[in-house]
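Have a look at the structure below before the remarks.
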Amino acid sequence: MAQIFDRSSNALARASLVLTGLIVIALGVTLDQLQRSPWVTRQGQRPDQPVPFSHKHHVQGLGLQCQYCHVTVERSSYAGIPPTKTCMNCHAQIWTNAQLLQPVRDSWATGRSLVWTKVHDLPDYVYFNHSIHVNKGIGCASCHGRVDQMPLMYAQNTLQMEWCLNCHRNPAKNLRPTSQIYNMAWEAPAESRPVWCTAADAQSGAPTAESVNCVTKDPAGAGPEMASLDLPARGAAKGLAGDVAAAGLPAMPVYRKFTSQEELGLFLVKHYKIRTPRELSSCEVCHR
Amino acid sequence: MATSEIKTNDPGIDPATGEYRVIAPGQTFKSVTEKIARIVLTPTTPLGWFAIFGIGGAVATMLLVAVVWLFLTGVGIWAITQPVAWGFAIINFVWWIGIGHAGTLISAILLLFKQGWRNSINRFAEAMTIFAVVCAGMFPLIHVGRPWLGYWLLPYPNTMNVWPQFRSPLLWDVFAVSTYATISVVFWYIGMVPDFGTLRDRSESKLGQYVYGMLSMGWRGSVRHWMRYETASLLLAGLATPLVLSVHTVISFDFAVAVLPGWHTTIFPPYFVAGAIYSGFAMVLTLAIPLRKFYHLEGLVTERHIDNMGKVMLATGFIVAYGYGMEAFMAWYSASHWEAFMFWNRMFGPMGWSYWVLITCNLAIPLTTLWSRKLRTSISFMFFISIVVNTGMWFERFVIVVTSLYRDFLPSSWGTYRATKWDYMTYVGTLGLFTALFLLFVRFLPMIPMSEIRMMLPGAKIKAKTAAGAGD
Amino acid sequence: MPAREGTYGLLAEFDTPGDLIRAAQQARQDGWRRMDCYTPYPVEEAAEAIGFHRNKVPLVTLVGGLMGLAAMFSLETWISTLAYPLNIAGRPTYSWPAFIVPAYEWTILWAGLSAAFGMMALNGLPSLYHPLFNAPNFRDGATTDKFFLCLEALDPKFDAVETKAYLQAFQPQSVVEVEY
Amino acid sequence: MSRDEMKATTNQAGNAVDSETKKADQSAAVTPLSLAQVRAELQGVKGKRYWRSVDELANTAEFQAAVEREFPGAAQEWVDPVSRRGFLKLMSASMALAGLAGCTKQPDEPIYPYVKAPEDLVLGKPMYFATAHPFVTGAVPLLVKSDEFRPIKVDGNPDHVYNQGSSDPYSQGTLLGLYDPDRSQHVMYRGENREWAEFAQALQSKVAATRDGTGIYFLSETISSPTLARQWKAVQAAWPKAKLVQYDPAIAGTPAEKGINVQYALADADVLVSLDADFLSSAAYPGFHRLVRDYAERRKHPEDGMNRLYAVESMPTTTGMKAEHRLGLRASEIPAFTAALAQAVGVSGVTVPAYAWTDEQKKYLAALAKDLKEHAGRSAVIPGLYQDASVTALALAINNTLGNAGKTVFASAEPLNPLPSDQMAEMKALVADMNAGKVDWLVILNANPIYNAPADLGFAAAFNKVNIVAHLNSHLDETGQISHWHIPAAHYLESWSDARAYDGTASIVQPMIDPLYGGRTAHHVLQALLNEPMLSPYDAVRETWKPAIKGDFETGWRKVLHDGWIADTAFVRSAAVKVDIPQVPAPSAKDAMEIIFRPDPSVYDGRWSNVGWLQELPKPVTNLSWDNAAIVSGATLTRLGLEEDDIVELSVGGGKVKAPVIVAPGHPDNSVTVYLGYGREFAGRVGSGAGFNAYLIRNTWAPLYATGSLKKVDGKWGIAITKSHYQDHRGARFGEQGTGNNSLEADEALGPRGIIRYATLEEFKANPNFAHEGEGRDTPALDTSMFPNWSYKDNAWGMSIDMNSCVGCNACIVSCYAENNIAVVGKQQVRIGRNMQWLRIDTYFEGDLSAPRAHFQPMACQHCENAPCEQVCPVGATVHTPEGLNTMVYNRCVGTRYCSNNCPYKVRRFNFLLFSDFETESLKLMRNPDVSVRSRGVMEKCSYCVQRISEAKIAADKENRPIRDGEIVTACQQACPASAITFGNINDKSSRVAKLRAKERSYQVLADQNTRPRTTYVAAVLNPNPELQQMPVEHAPANG
């Protein structure tokens, strides 16, 4: 009786065993990567929009305030998508016959909504609230990225749960003075750009920001230039106008200098009364 | 016990060796090899096989239909409701797993105890284990509300940063059952490797040689290999034994860990394990008796096997009886109203009938009759008993799951449970699946381990030395 | 394996295990080392005869088991206390009693797999091709009812003619030369 | 279809078990509707057009027939709203599976921003508007939560003096009524779509042609709007011969139709007597909200004394079950009993019909009279709405004699409804005129006479003799089907009107949303006949109240709209008026079978038949849902050799109807109670075919109760009762001697399980700690666990429920439905125990079931600190929050249901099938945007309204302050008229809930399981009259 298998079969058999193992591992790794990939998360993708609206142009170029369009960001869970009216405020005068803006004018004329495609789209079972984040020192850019440098809007981050937890488990590393919320260019303090903050005793019932005031110029120097002056003071944004009020306090408060995000973060966590990571990562915070 | 208390003029004794004879005399290496290998290698399949396989397949198809409809509409097609949120699915799960246990027991524990008589039956006992686990493992998967998310029970890194909850007995099940399935398959396969070698060498068809050659991994019977092989088998047996005990213990935790009166009981682990073996041996009988007849294996699976299994059932049956007794006793002795009411309700409540079915099938009938050697060696009677016990064990799970749930703490939410046609289809369907799989096994795999049988033949005796049993 | 040429060894076929063992013992006494026995079922005496006593499978198994234990218990502890600590039913995050069960199961799982795969590896399986299968009578009997002794060419004492005569002395059924 | 056919089918209406009739019935009910709707609804529907059309298709007879050929089993399921969507469920199920393939990738979501955003709108922040729910027994002042101008929650107006924020099942249910997908959506003339203008034109020209309005008849529901009354008076002036007939089946023949308005100050009364007055169970009794609040107020602090309630009633109601002493009498015996009572307390000029009272009844009467006299001036006798006129008169007389008048009882000068009338008489006259051919045009305003006119009138026959019938109503109902004109009516949340609360305070009904289907109101119809036909209801209403609003009108008007009521418009209350006592009718023979008609506690007179929440609501005491039934006593059931769920044929006069029979513990013998409002054929997908039509045996000559007969017919009905108080669950309690006729559940719950704990006032005074002594009443110490206790730092939410106040009225349940997007599952699912209510009211009947005392226990998730459910969830889908909530994460749940098994309170609810409706467009508008809509295969349960907690936390954190006590109000708490539910932070020792928990009387259900519930119950204390034997035996330790 002769051999059934050829000589090579031994090597083949053993190789295939090893290979099977490798394939299984590779498959696992692929799936793990896939669930985080832009294909699933849409991170960085620019969906087709009825109008190629450029945040870069409007924010950086024209210096529009975030809240000029996203009016309810400090009051409500939704930041708010501007109504056609907001566009027409200007575009009734300028670019009145630009082809690009035809859909806007149509919408204005017909009264039918411009239909945008959601770029930052959370699942329906996630209940995100803009106002609390904005009021507790999370800047727009922290989640949305440098919108002022985005010709076309895209999602800077995955918006996946692990990403949310990343911050909810350690808010300090992303906190900034509420006066800097809308400052796209804000960067964590460093030796080169220190931040001075002062905290009055928090009076209960008053908005967080009123008890804390931060500036980017040394207040010891000639008349501190309030960072908050960068903003147009608007009655609506009470929390932020608060900075101005605080600055107007008779006795010049004691300022502390911060040169690193860690220190500043811890300081703000304390004075903004940020809840503990355990509380922030509790399920009911986002899911109901 | 094998070599002890030799009685002369006992027909069960082999005069040559003074050993209990578990294989009919007159068998040689060649004859047994021939006999067993032929079943697999013969090109012609008996018509009876096709008949039974057809039935099994048809019933299995019914299962398929039931499961598809289940996935389309939801578990609401079953009878489960408030307060009885677990029903047939879990009952069947526990029942099937239990049945599986006898296979492991025979192949592992009896191997450790050097029970030679196990050799003829351990292979298909193991097969039975695996197919039972297949049927069992299906239920936890399909009974959940959102089966497509079943993989959330595995600890894998995900974008939600959330993990399984390791305090839950259901999660313990996941690990216990998956381990059990894996180890059983490995043990089964390793056991077959030398026989694959035999089949490779005896197969006339090129395909047969090729396939069995692959499966045998080039086994050539080197004694070095044999020695490592034997060690590995022993180790696997040694591991499978605590495993099989742990698996049903863990499954009993599904109930014992809960707060529910009737579930929250420390007696459950031993009583579940014993019950498992009890029903397992019953199932082995249910399978072995027709098989030996059909394939004329009376010479290899002798009355002695049947007899021994009867004894094991008698023993485990009494452990189970003790379990029932303790439940009743504790209901009274604990002086806890919850326990007392639960047990009263279990016996005399609206669903009391199920308890009495269980007592009849598990205690009344078998534990009175299995004493008599005459009955134990009467093939038809043992077949009947095996069916009775399997029924009884199914009802045991029914009683535990349903009659504990339908009347629990708050009387306002007392309810009832009436199985739907879908429940029955799913249950009966698994029986069909099991049959089909088993028939494929007996057709294409050696259902009796040839190498181990060879060791028991007179020819294997070297001088005075014996190589009784598998172990040494 | 690289294709070798020439003789693998000489293969003697016996009818009973007894003859095989006697031959093997003799050969070992005569200083043969590169040899092996082939039997249709485990024959421990034959193994002893050719001086094969202990094997490494138990060690592999032990190591595997311990790894499984450590892996699962630490995973559970990490998940419940560090990765995402949650208040579950008012139980402490480090609920070690609950962690025992899965850890126990994994011990067995890893040990079992190590035993099986370790045995295969140590036996050098799979080896679908083997010179012995070239022997005309080997596959016919080795897995059924015949007992073989193979003296391999790699042994320094090996000499095609003398060795054949040497084996004939044990009155085997046959002695054949096995080619690679 | 003609009346005869309808009658034919009516007789088996609702027999869900008999699928054949059901099929015929159902198809008959649905086909015309759907044909109309497919056309209507598919117009201008954006997207989902295909599914919509399928949904409609699913309603057609052909489709159903087809399905039944396929799955005969599904035939009976077909009447379920849920199963009706079975086909779609399959679709979405397969989608779900397909979705699996698509991994977790979600589809693109469009954003539709406003073109011009409304000034005051902040997306994501709800707005609240005051309005009122106009109801025939007095309007319910409301504060409506509106999200993006969609009303999504209806609650009582907290600032209103009448109901102080409380509401009732009806008012809560009206929200779903607004979004009911089956509302009629087009003006129709003989089945063709028309415009409102065409109708107005036709009507005007017709009326003009008659010059004086001869032959023009208006048949309206009871007019409760002052403006509408004013408009009618104007019409009457312009067209003197035009006639108005008011008909409201639920109040026709009762004092309410006369607008009799007697108000009670129960807070000042020590002894309350209900003479068949069910003033604690639903808004069907005038002044319900106020009465419950005052009643409950006097039971919250037993230590400072409490009131005592006697109830003499003809059927078991929550009022009777809450009473210290309840006497069950057949309806016809009550006038005589009242007379006897009046005589006993010294009312002059009463002739008491001779009657053989039993000793027990005599004893009761004597003790009651004595107690009343002792509390003269501090008691109140409340007559039943559904009793003979003499009872009302006698009750007033008794109150006068006792000097309660002016102290606890006040009669108002003005009637509640502006146009009082004798509705039965008017209906008779109308039908006579119709038969005489005098009726040229019949304009039906929000009435449905074809369905609910008294049987003896033969209204349907007369109907055909009318030249033109115009029908204004919310649905294309039984009447609409055969009327020439049909005008869809606007819902009260869609239109301007006005109404008076029971105390007379006027409220403006202001629209929350534009009419969804361009509905009109009675205001439009009447106004069309006046000088300025186009005058809008808005202007009409303003005109009405110009005089009433002081100061600058616009400012005043704004204030009125903001507050929700017009100041100083309450009725002038005088001490009780002089009453002349009418002839007191003698009771019917003791062996005569009496049949009592009551409006349904859930769907009232049938107007809410298509409101799924109310249909599924277990009725108080009987816990029956999705049906009405012939309710009898256990003894009667046995005597007639019946079993529950048997079908009986009830006949009164010529009328016959088939009904299922069930037992209500404590029901008087030889007496049957039937609820009106069921057996609708054209109610819509939910209401059609549920129950039987009791109007078929209700006649003008006996609208409240009649003697009739009852005989068994073949078959079982298949009723759905949500709790297991059936005959087969009765019997001697295990291990002890029982009477054999008491409920095992109750014996267990009150006995060793310590679920219900209460004591009498004496016992309580003797031993204030009674709730913690005795078997099953011990609470394990905090250190019993081998594990260290978890500590809860700042907030720890907890709830306290006062068992003494809860009257089991179900308002909380419906409120929970609305707040938490709870699904309606349909009758078949309820039958097998799958209703999804997060909150249920457990009812235990203590003692002999022929004269039981019931205990109502609201039961929802207890938020145990050692939650058994959490430990067994393999994926951690239910976990504890740092504030001690047992939170359920739907999107993590895989549905093992282990948590439900391990929940000792069985308060978890599982979506066994796709229960939530993801298809129907209109329902989407209603959903609470802060709560996920649960899909198939997911567990759910009470969350303590976590969405409200989160909202409050965010608000507080923004303002950098702790959450105030009472800032978070759960939906159930908000609705409760008895304010029995309190929620708050138990760590804050000054919070109300903490104080309640500190009470000795508060206990945890199943405390011995050491689950440490966050919900605690305050044990009830009863104040029985020592002279009457304490029925039933007490379970307080004092009595062993």
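All chains are named by letter (A, B, ...) in the order of the sequence lines, taking the proteins before the strands, and each is independently numbered beginning at 1.
Counting heavy-atom pairs closer than 4.5 Å to chain C, the top residue among B:Gly213, B:Ser246, B:Gly238 is B:Ser246. Chain B forms more heavy-atom pairs under 4.5 Å with one residue of C:Ala115, C:Pro58, C:Ala46 than with any other, namely C:Pro58. With chain B as the partner, the residue from C:Leu125, C:Ile79, C:Val60 showing the most heavy-atom pairs under 4.5 Å is C:Ile79.
Contact of the B:Arg224 side chain with the C:Asn123 side chain is not registered, since no non-hydrogen atoms from C-beta on lie closer than 4.5 Å. In this structure, the side chains of B:Trp226 and C:Thr39 come closer than 4.5 Å at one or more pairs of heavy atoms. Side-chain atoms of B:Gln165 and C:Ile88, non-hydrogen and from C-beta on, do get closer than 4.5 Å to each other. Two residues are said to be in side-chain contact when any heavy atoms from C-beta on lie closer than 4.5 Å; B:Glu452 and C:Tyr41 fail this criterion. Put simply, the side chain of C:Ser127 reaches to within 4.5 Å of the side chain of B:Arg220, judged on heavy atoms. Side-chain atoms of B:Trp219 and C:Pro126, non-hydrogen and from C-beta on, never get closer than 4.5 Å to each other.
Using a 4.5 Å cut-off between heavy atoms, B:Pro169 makes no contact with chain C at all. Within the 4.5 angstrom heavy-atom criterion, no atom of C:Phe148 approaches chain B. With a 4.5 Å cut-off on non-hydrogen atoms, C:Ile108 touches chain B through its backbone and its side chain both. For C:Phe138, the part sitting under 4.5 Å from any heavy atom of chain B is the side chain, from C-beta outward, and nothing else. Using a 4.5 Å cut-off between heavy atoms, C:Val57 contacts chain B through both its backbone and its side chain. Using a 4.5 Å cut-off between heavy atoms, C:Trp78 touches chain B through its side chain atoms alone. In this structure, the portions of B:Leu239 lying under 4.5 Å from any heavy atom of chain C include both its backbone and its side chain. The parts of C:Asp145 that come within reach of chain B are both its backbone and its side chain, each placing non-hydrogen atoms under 4.5 angstrom from that chain. Looking at B:Met214, both its backbone and its side chain come within 4.5 Å of chain C, counting heavy atoms on both sides. Only the side chain of C:Thr61 comes within contact range of chain B, judged by heavy atoms closer than 4.5 Å.
Residues of residues 172-184 of chain B that come within less than 4.5 angstrom of chain C, heavy atom to heavy atom, are B:Trp172, B:Phe175, B:Ala176, B:Thr179, B:Thr182, B:Ile183 in numerical order. Residues of residues 154-161 of chain B that come within less than 4.5 angstrom of chain C, heavy atom to heavy atom, are B:Pro155, B:Asn161 in numerical order.
Put simply, CG on C:Leu122 and CZ on B:Arg228 are 5.5 Å apart, with the number rounded to the nearest 0.5 Å. In this structure, OG1 in B:Thr198 is found 11.5 Å from CZ in C:Arg139, a value given to the nearest 0.5 Å. In this structure, CE on C:Met119 lies 10.5 Å from CG on B:Leu235, to the nearest 0.5 angstrom. In this structure, OG on B:Ser222 lies 6.5 Å from CD1 on C:Ile50, to the nearest 0.5 angstrom. Atom NZ of C:Lys56 sits about 12.5 Å away from atom OG1 of B:Thr231, to the nearest 0.5 Å.
For B:Tyr210, the OH atom sits in a loose shell: 12 or fewer heavy atoms of surrounding residues, nucleotides or ligands are nearer than 6.0 Å. Atom CZ of C:Phe52 has more than 12 heavy atoms from other residues, nucleotides or ligands within 6.0 Å.
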Side chain to side chain donor-acceptor pair (under 3.5 Å) assessment of C:Thr143 paired with B:Arg200 | CA-CA 9 Å; C:Thr143 54; B:Arg200 170 198 62 203; 5.3 Å; no
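A pairwise comparison of heavy atoms in C:Ala83 and B:Trp163 identifies CB-NE1, 3.8 Å as the closest pair. Closest approach of C:Val101 and B:Phe253 over heavy atoms only: CG2-CE1, 4.3 Å. The two residues B:Leu243 and C:Glu105 have their closest heavy-atom pair at CD1-OE1, 3.2 Å. A pairwise comparison of heavy atoms in B:Ser451 and C:Pro40 identifies CB-O, 3.8 Å as the closest pair.
B:Arg454 contributes a side-chain N or O that, together with a main-chain N or O of C:Thr144, makes up a donor-acceptor pair within less than 3.5 Å. A donor-acceptor pair is defined here as one N or O able to donate and one able to accept, closer than 3.5 Å; no such pair exists between the side chain of B:Arg167 and the backbone of C:Arg91.
By the 30° and 60° cut-offs, the orientation of the rings of B:Phe166 relative to C:Phe99 is perpendicular.
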